[in-house]
Amino acid sequence: MELIGEIAADRPLLVLALKEEAQFLGADHPVLLTGMGKVNAATALATVLARGTRPSGIVNLGTAGALRPGLRGTHVISSVIQHDLDSELLATLTGEVTGAPLDLADLGGPVLATGDSFIADDAARDRLAARAALVDMEGYALAHVAQEAGVPIRLAKHVSDEAGDGADRTWQETLTACARELAAWVAANVPARA
């Protein structure tokens with residue numbers, strides 16, 4: 001976890017997993033680098049929100065795999081699910097819903113599936129495509145922490161790969177270009193002050 005800049009009540013906090021994804025962001029916003037995966041993401045965001053000053057909002061930026069053909073560019077997420085948590089089975093065992101889908105304020109965007117597995121094979125991609133359009137490793141955890149804390153959150157994901165065979169190589173090859181696109185999206189869509 002690394003916090004770059006200072007959180008202020010009149011400024012949004014940008015949250016990304018990796019320094020490489022944030023490499024072209026300017027100094028207009030504080031940036032939290034969480035590390036990869038749901039546990040790192042949730043721990044980092046909960047830690048900085050518990051320290052005191054809360055941002056005006058949170059913007060999670062990052063790369064995502066496309067689960068369906070033809071998805072390219074940057075997408076603002078409308079709903080996020082966990083693909084590696086068997087919520088239905090847990091509900092039959094406990095009678096309680098665990099890990100329900102989270103709806104976000106940005107209507108009309110795609111559904112994002114979050115899990116700790118990097119999806120890099122066609123069979124896994126095709127199974128997930130029935131439930132979501134994009135896949136990442138941090139979005140659900142960050143949305144959950146933000147909603148629990150009462151801080152508005154937006155998730156903006158840039159497609160880096162097709163989440164199928166060879167996605168791990170494609171992701172590495174496109175990471176720098178994705179970081180440029182995410183920085184351009186921030187410049188066009190995230191004001192420095194609330």
Side-chain angles (χ1 to χ4, degrees), residues 1-38 40-45 47-49 51 53-67 70-78 80 104-106 109-110 112-114 116 118-120 133-143 145-146 151-163 166-194:
M1 175 181 106
E2 180 182 0
L3 179 61
I4 302 165
E6 291 188 31
I7 295 174
D10 65 341
R11 298 171 68 194
L13 172 65
L14 306 182
V15 180
L16 301 93
L18 302 173
K19 187 176 288 193
E20 293 83 0
E21 292 173 316
Q23 64 184 307
F24 299 108
L25 295 174
D28 292 340
H29 304 89
V31 173
L32 175 64
L33 303 173
T34 66
M36 292 177 82
K38 294 188 303 185
N40 286 332
T43 302
L45 184 56
T47 298
V48 299
L49 291 178
R51 286 183 181 161
T53 303
R54 293 194 173 180
S56 62
I58 297 164
V59 180
N60 170 229
L61 304 162
T63 58
L67 297 171
L71 283 174
R72 307 232 183 306
T74 304
H75 300 270
V76 179
I77 304 303
S78 64
V80 62
L104 306 172
D106 294 296
L112 175 70
T114 297
D116 282 324
F118 186 92
I119 305 302
L134 299 171
V135 63
D136 85 334
M137 296 177 69
E138 298 82 26
Y140 187 97
L142 296 168
V145 169
V151 180
I153 186 166
R154 295 179 80 192
L155 279 62
K157 301 294 177 172
H158 191 81
V159 175
S160 57
D161 58 79
E162 293 184 354
D168 50 344
R169 289 186 308 278
T170 304
W171 179 81
Q172 290 176 328
E173 293 167 359
T174 63
L175 184 56
T176 299
C178 290
R180 278 192 182 94
E181 293 295 330
L182 290 168
W185 185 89
V186 168
N189 295 283
V190 183
R193 301 276 180 204

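- What you find for Leu134 and Ile77 is that their closest heavy atoms are CD1-CD1, 3.9 Å.
- In this structure Glu162 satisfies the salt bridge (charged side-chain N to carboxylate O under 4.0 Å, His left out) test together with Arg72, sequence neighbours excluded.
- Checked by atom type and distance alone, the side chain of His29 never pairs as donor or acceptor with a backbone atom of Val186 at under 3.5 Å.
- The closest side-chain heavy-atom distance from Pro12 to Pro55 is not below 4.5 Å.
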Go through it in stages, so that I can follow the logic: the residues are Ile58 and Leu49, the test is side-chain contact (heavy atoms from CB on, under 4.5 Å), and I'd like the CA-CA distance, side-chain angles, deciding distance and then a yes or no. CA-CA 10 Å; Ile58 297 164; Leu49 291 178; 4.3 Å; yes
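- In this structure Ala177 satisfies the side chain to side chain contact (heavy atoms under 4.5 Å, CB included) test with no other residue, sequence neighbours excluded.
- Across every non-hydrogen atom of Ala22 and Val31, the tightest pair is CB-CG1, 4.3 Å.
- Arg11 places a side-chain N or O within 3.5 Å of a backbone atom of Asp28 that can act as its donor or acceptor partner.
- Lys157 and Ala64 make their closest contact through CB-CB, 3.7 Å (heavy atoms, listed as atom of the first residue, atom of the second, distance).
- One finds the CD atom of Glu2 at 11.5 Å from the CG atom of Leu16 (value rounded to the nearest 0.5 Å).
- Residues that satisfy the side-chain hydrogen bond (donor to acceptor under 3.5 Å, both in side chains) test with Thr63, not counting sequence neighbours, are Glu21, Trp171.
- Between the CG atom in Leu13 and the CG atom in Asn60 there is a gap of 10.0 Å [rounded to 0.5 Å].
- Residues Leu112 and Asp136 form a side-chain contact, since some pair of their non-hydrogen atoms from C-beta on lies under 4.5 Å apart.
- The shortest heavy-atom contact between Ala141 and Lys38 is CB-O, 3.5 Å.
- Contact between Asp161 and Ala167 at its shortest, heavy atoms only, is OD1-CB, 3.5 Å.
- Listed by chain and residue number, nothing satisfies the salt bridge (charged side-chain N to carboxylate O under 4.0 Å, His left out) test with Asp116 (two or more places apart in sequence, or in another chain).
- Using a 4.5 Å heavy-atom threshold, the side chains of Ile4 and Leu25 count as separate.
- Annotation: the span from Leu14 atom CG to Leu33 atom CG amounts to 10.0 Å, rounded to 0.5 Å.
- For the pair Leu32 and Ile7, the minimum side-chain heavy-atom distance is 4.5 Å or more.
- A heavy-atom distance below 4.5 Å is not found between the side chains of Leu104 and Arg154.
- Pairing each heavy atom of Cys178 with each of His158, the nearest pair is SG-CD2, 3.5 Å.
- Leu142 places none of its side-chain heavy atoms less than 4.5 Å from the side chain of Thr114.
- Identified under the side-chain hydrogen bond (donor to acceptor under 3.5 Å, both in side chains) test for residues 175-194, with sequence neighbours left out: Asp10-Arg193.
- Side-chain N or O atoms of Ser160 include none that pairs as donor or acceptor with a backbone N or O of Thr174 at under 3.5 Å.
- Residues forming a side chain to side chain contact (heavy atoms under 4.5 Å, CB included) with Ala133 (at least two apart in sequence, or on another chain): Arg68, Leu71, Pro110.
- Within the 4.5 Å cutoff, the side chain of Thr43 has no heavy atoms near those of the Met1 side chain.
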